[in-house]
Amino acid sequence: MGLVRAIVLVKQVPDLRSAAVGVAGDGTIVRDHAPAIVNPSDLHALEAALRLADEVWAVSMGPSRAEEVLRDAIARGADRGVLLCDRAFAGSDTWATANALAAAVTFLGGADLLLTGLTAIDGETGQVGPEVAQRLGLPQATACEDLRLEGDRLIARRIVEGGYERLRLPLPALCTVAETGFVPRYPTLPGRRRAERATVDVLTAADLGLGGDRVGLAASPTKVAHMAPAPLPDRLCRMVGEDFDLEDLVAALTALGALEASARPASEASVPPPLRDPSPGGPALWVVAELTDGHLAEVSAELISQSVDLAPGLGGGVGVVVAGDDSDPATEESAAHGADVVYRAADPRLAPYRCQPHARVVVDAIRTHRPVAVLFGATTTGRDLAPRVACALDAGLAADCTDLVVGPWDRRDVHYDALLHQIRPAMGGGVLATCLAPEARPQAATVRPGVFRRRLRPCRSRVVDLEVRLDPVDLTVEVLDRQVQVGDTNLVDADVIIAGGVGCDAGTWPLVEDLAAAVGGAVAATRAAVEAGLAPRSQQVGQTGRTVHPRLYIGCGVSGALQHLVGMRTARTVVAINRDPDAYLFRVAHFGIVGEVADVLPRLTEALRDHS
């Protein structure tokens with residue numbers, strides 16, 4: 001093909017890796033102590049664009065000071081910077097933001113490649129990219145760690161739970177780029193000088209033909225009803241030292257039951273409850289199921305189980321959408337976990353999973369049957385699919401929820417009897433936000449695996465077969481191959497977790513694995529360890545990884561960033577190992593050891609083996 005043009009969507013964010021944000025008395029975010037930076041994963045997207053394209057434009061939306069991130073992009077090699085700046089954009093949620101960015105891409109004449117970071121560190125939703133793709137009718141690949149051009153096609157290596165898959169996409173296409181690929185270059189001195197002289201173009205809502213019904217706070221379907229700080233407990237960590245050695249630590253862990261063979265109750269009841277009849281009200285709350293080899297994924301079973309309790313408050317029962325080439329096993333499993341109605345879409349073109357055909361099926365089903373709310377798992381599949389579906393329906397979407405509650409809400413002079421309160425961490429996990437969609441339907445959310453318990457709640461489910469109507473444009477993305485290590489996907493079930501962090505390297509990571517083997521535990525990783533290539537993303541615990549609830553958690557070289565802590569804060573017993581005595585993990589740990597991972601882990605592993 002000819003010259004390749006790329007547009008990179010970049011965002012200015014508070015640097016939550018250097019300072020936390022707070023919540024003021026009126027519920028607004030206080031960012032004074034966190035300097036503004038380019039969103040880190042957007043720099044990886046910029047690097048991908050600079051390697052792949054002949055011409056690179058950077059586009060951002062924000063106040064006038066966001067011009068800084070565009071000049072940074074130019075200093076790194078971008079050819080042009082464009083800022084969407086207008087008070088009309090203020091308060092936009094991801095749906096409204098995607099409307100503005102998609103309109104800007106069209107205004108600028110489009111591009112062969114549209115790239116952005118996987119997530120922004122302030123919200124961690126990962127929604128804007130897929131929503132822009134839906135608005136523009138582009139194929140998408142999310143969570144990409146490698147991209148290369150083959151003629152007029154793009155080969156994308158995409159992260160999935162336990163491994164990766166490779167896709168072939170036609171151009172133009174949109175990709176979100178993970179921080180495990182495309183290490184960003186630094187600005188050069190000539191680049192900085194060029195950036196200082198560059199003219200950053202400014203576009204307003206009027207320039208883009210956007211009114212108050214498409215952008216801004218009033219137009220946004222998702223409302224933030226409440227913001228609250230998410231304080232972590234100070235457990236008065238007991239440190240290993242002269243009067244408390246490793247043998248004493250092992251004895252203390254034994255006394256707490258942390259080293260027992262298994263103390264966690266089974267997720268499935270040994271005697272299932274009696275079979276019940278479907279809810280007479282019809283399904284109000286839907287779960288879009290994920291399938292693994294034709295069977296219901298764990299997160300989907302968790303959501304169906306919890307929906308049995310939530311759905312009556314929304315005025316009905318539980319519906320489950322099952323889409324695949326052979327959906328019979330998942331249909332039966334959905335009924336076993338509480339589905340009143342299973343909406344079954346059986347078509348060989350729906351396996352393996354691809355975003356566009358699945359989005360088409362789910363959107364058509366929702367438009368036909370009109371549920372009040374829809375849930376997706378916050379997995380690589382759910383985060384890929386849910387934003388596209390929500391955007392197509394002009395619905396709000398709350399990402400990575402850790403709790404769901406049905407209850408009333410009053411806003412100004414309007415009373416809502418029953419809304420789905422979607423509770424999620426934000427700002428690096430330092431804030432808990434309660435999101436609502438008071439008007440748009442359906443209300444939609446992605447929910448983290450492991451936050452709800454899987455339960456058998458058998459129902460005499462009714463099965464509704466969906467008509468699968470796919471257009472040729474839905475089938476343009478090809479799945480070339482998929483490599484998954486099944487053992488890596490069961491982290492949420494582990495009773496003992498040994499996590500490695502930024503204090504580990506390639507030489508000490510085997511020590512983390514040895515310690516896990518000694519106690520029969522699972523290996524986990526922080527985001528920094530994953531980005532360093534020490535572990536696959538399937539082992540990541542934290543806001544953009546797994547949420548775990550182990551009996552024992554041992555953090556090796558884990559600093560204790562809030563982004564990680566929100567994923568393991570419910571661990572029953574926590575042991576921290578770090579050379580920095582001021583590492584934040586010691587604040588939430590029950591026991592601590594100050595020292596180098598290379599020195600401490602062999603001795604702790606030996607002590608634990610002696611105990612066993």
Side-chain angles (χ1 to χ4, degrees), residues 98 102 114 127 129-142 152-156 158 160 165-176 283 286-297 300 319-331 334 341-371 374 376-377 379-395 397 442 444 446 463-482:
L114 193 54
Q127 292 172 191
E131 288 179 333
V132 170
Q134 171 62 30
R135 276 284 169 262
L136 296 174
L138 297 179
Q140 70 183 55
T142 56
D152 61 352
R153 293 288 188 270
L154 179 71
I155 307 300
R158 174 177 177 263
V160 298
E165 66 180 7
R166 288 193 313 124
L167 307 178
R168 180 187 287 124
L169 300 87
L171 297 178
L174 181 144
C175 297
T176 67
W286 281 20
V287 174
V288 177
E290 291 182 33
L291 306 187
T292 303
D293 296 328
H295 292 273
L296 202 63
S300 300
V320 179
V321 179
V322 175
D325 58 344
D326 178 11
S327 54
D328 288 344
T331 297
S334 297
V341 177
V342 178
Y343 299 93
R344 183 172 59 190
D347 191 299
R349 296 171 296 176
L350 295 174
Y353 164 81
R354 289 178 291 173
C355 183
Q356 286 172 276
H358 277 75
R360 176 80 66 178
V361 167
V362 174
V363 168
D364 286 350
I366 290 172
R367 284 175 173 160
T368 300
H369 297 281
R370 305 180 68 82
V374 181
F376 302 77
T379 61
T380 54
T381 296
R383 291 176 180 135
D384 187 58
L385 177 64
R388 189 141 193 154
V389 169
C391 185
L393 296 167
D394 290 329
L397 177 64
T446 64
V463 177
V464 174
D465 286 313
L466 300 173
E467 182 181 358
V468 178
R469 294 171 296 189
L470 300 177
D471 293 335
V473 70
D474 298 324
L475 303 170
T476 57
V477 176
E478 303 171 69
V479 179
L480 300 179
D481 62 79
R482 184 181 176 97

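By convention here, the first residue in the shown sequence is residue 1. Note: hydrogens, waters and symmetry copies are ignored here, and every other heavy atom, side chains too, is used. Keep in mind that what you see is a predicted model, and the values were worked out from it rather than measured.
Looking at Asp364, its side chain never comes within 3.5 Å of a backbone N or O of Val361 through a donor-acceptor pair. Proximity of a side-chain donor or acceptor of Thr292 to a complementary backbone N or O of His295 within less than 3.5 Å is not detected.
Scored by the ring pair (Phe, Tyr, Trp, His ring centres under 6.0 Å) test, Phe376 finds no partners at all (sequence neighbours excluded). Contacts of Gln127 classified as side-chain hydrogen bond (donor to acceptor under 3.5 Å, both in side chains), with partners at least two apart in sequence or in another chain: Thr94. Every residue meeting the side-chain hydrogen bond (donor to acceptor under 3.5 Å, both in side chains) condition with Glu165, not counting sequence neighbours, appears here in chain and number order: Arg158, Arg482. Taking the side chain to side chain contact (heavy atoms under 4.5 Å, CB included) definition, one finds that Pro352 meets it with Val479, sequence neighbours left out. In this structure, the side-chain hydrogen bond (donor to acceptor under 3.5 Å, both in side chains) partners of Arg166, at least two apart in sequence or on a different chain, are Asp481. Looking at residues two or more places apart in sequence or on another chain, you find a side-chain hydrogen bond (donor to acceptor under 3.5 Å, both in side chains) between Arg344 and Asp328, Asp465.
At a threshold of 4.5 Å between non-hydrogen side-chain atoms, the residues Leu136 and Leu174 do not count as touching. You'll find the side chain of Cys175 stays beyond 4.5 Å of the side chain of Gln140, heavy atoms only. Considering only heavy atoms from C-beta on, Pro130 stays 4.5 Å or farther from Cys391 through its side chain. Taking 4.5 Å as the limit, every side-chain heavy atom of Arg383 sits out of range of all side-chain heavy atoms of Thr142. Contact check for His358 versus Val321: no side-chain heavy atoms found under the 4.5 Å cut-off.
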